[in-house]
Amino acid sequence: MRLVLASASPARLAVLRAAGVEPDVVVSGVDEDALVATLTDPTPTELVTTLARAKADEVASRFAAAATNTTNTTNIPDNTDNTDTRTGADDIADIDDIADIIVVGCDSMLSIAGQVVGKPGTAEVARTRWKDMAGGEGELLTGHAVVRLRDGAVVARAEGTRVTTVRFSTPSGEELDAYLATGEPLAVAGAFTLDGLGGWFVEGVDGDPSSVVGISLPLTRRLLAEVGVGVVSLWGDRATS
């Protein structure tokens, strides 16, 4: 049994590793903006769940293709941005046993002042986000989707969303300039992190901290159970030590 994280997020990978799981990482090729454009007035929950499902399904489809083409897995499309499967790559040919695969997809967005926002992308957008967030609070939504395959066939699915309230402090102008200059807030949902430099500017969390980092351990445990996987079976040597 292999757990596959369909995400390039180092934070999600770190959460799973700290919780005793060493997943393989296969980054999905989903065009998130194009997918969102096809949705008609989705709720925040529908938005993050749809994106998580699409990422899990896209990666699962590669394993399905590999199972029917075991003699030539090099024909399976991959993302060439990375090179090492276990540290964030996307070459499933490096995964030696694909008979029983569990793919986990995630997507996170922040609901703030009635608007759902993802990664800001630029310092200007991140600065605007922080003007809206400073001294207030927002809801961090993380959608999760789990797909289980045996010998390339999908045998079970489960999905859900975790919503956690995040309370923000008010960074000084100097602090915000320095934070934006690091580049960290540009590539994360809501323009902040809990487990990185952004943690200095988070007053508190009401709910599940792991969800704010990017993957909810309690929700993932429940979804794994729904597809017939006990989380302790993924702990490897730790489960018997």
Side-chain angles (χ1 to χ4, degrees), residues 5 7-19 32-33 35-36 39 41-52 55 88 104-145 159-223:
L5 178 62
S7 171
S9 167
R12 289 184 180 124
L13 179 60
V15 168
L16 289 174
R17 283 176 167 167
E32 297 182 39
D33 291 337
L35 177 56
V36 170
L39 304 177
D41 196 24
T43 66
T45 296
E46 290 171 341
L47 184 59
V48 294
T49 304
T50 297
L51 287 167
K55 294 173 185 179
V104 179
C106 305
D107 189 81
S108 298
M109 290 192 176
L110 182 72
S111 178
I112 185 80
Q115 182 181 11
V116 179
V117 297
K119 303 170 184 176
T122 68
E124 291 75 15
V125 173
R127 185 182 298 278
T128 299
R129 298 267 171 86
W130 268 98
K131 287 182 179 179
D132 293 334
M133 298 187 312
E137 63 181 37
E139 290 187 333
L140 198 288
L141 299 94
T142 299
H144 299 61
E159 61 185 44
T161 302
R162 183 55 59 96
V163 180
T164 302
T165 299
V166 182
R167 291 177 279 112
F168 299 99
S169 60
T170 303
S172 68
E174 181 181 2
E175 288 171 331
L176 183 57
D177 287 344
Y179 185 41
L180 297 177
T182 69
E184 180 188 270
L186 279 59
V188 291
F192 80 98
T193 62
L194 181 63
D195 58 327
L197 297 173
W200 293 102
F201 312 119
V202 175
E203 285 292 327
V205 172
D206 301 323
D208 174 14
S210 63
S211 179
V212 179
V213 177
I215 180 168
S216 168
L217 293 178
L219 178 56
T220 301
R221 173 176 168 269
R222 177 171 67 78
L223 298 180

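The side chain to side chain donor-acceptor pair (under 3.5 Å) test applied to Thr50 returns no partner, not counting sequence neighbours. Qualifying side chain to side chain donor-acceptor pair (under 3.5 Å) partners for Ser9, counting only residues two or more places apart in sequence or in other chains: none.
Between Ser216 and Cys106, the closest side-chain pair of non-hydrogen atoms is not below 4.5 Å.
Residue pairs satisfying the salt bridge (Lys or Arg N to Asp or Glu O under 4.0 Å) criterion with at least one member in residues 203-217, sequence neighbours excluded, are listed as follows: Arg162-Asp208, Arg167-Asp206. For residues 106-118, every residue pair satisfying the side chain to side chain donor-acceptor pair (under 3.5 Å) rule, not counting sequence neighbours, is listed here: Arg12-Ser108, Lys55-Asp107, Ser108-Thr142. Sequence neighbours left out, the pairs with a member in residues 127-139 that pass side chain to side chain donor-acceptor pair (under 3.5 Å) are Arg127-Asp177.
Nearest heavy-atom pair, Gly135 versus Thr170, reported as atom, atom and distance to 0.1 Å: N-OG1, 3.3 Å. For Gly143 against Thr161, the heavy-atom pair with the smallest separation is CA-OG1, 4.1 Å. Residue Val15 comes nearest to Ser210 through the heavy atom pair CG1-CB, 4.4 Å, listed as atom of the first residue, atom of the second, then distance.
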Check: residues 180-201 side-chain donor-acceptor pairs under 3.5 Å, at least two apart:
residue	atom	partner	partner atom	Å
Thr182	OG1	Tyr179	O	2.6
Thr182	OG1	Glu184	N	3.2
Glu184	OE1	Leu197	N	3.1
Glu184	OE2	Tyr179	OH	2.6
Glu184	OE2	Thr193	OG1	2.8
Glu184	OE2	Leu197	N	3.4
Glu184	OE2	Gly198	N	3.0
Thr193	OG1	Gly196	N	3.3
Thr193	OG1	Gly198	N	3.2

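Residue-environment remark: CZ (Arg222) exceeds the threshold of 12 foreign heavy atoms within 6.0 Å.
Distance CG/Leu13 to CG/Leu5: 6.5 Å, rounded to 0.5 Å.
A donor-acceptor pair is defined here as one N or O able to donate and one able to accept, closer than 3.5 Å; no such pair exists between the side chain of His144 and the backbone of Leu219.
Under the side-chain contact (heavy atoms from CB on, under 4.5 Å) test applied with Leu141, the options Thr43, Thr49, Val163, Leu110 reduce to a single match, Val163.
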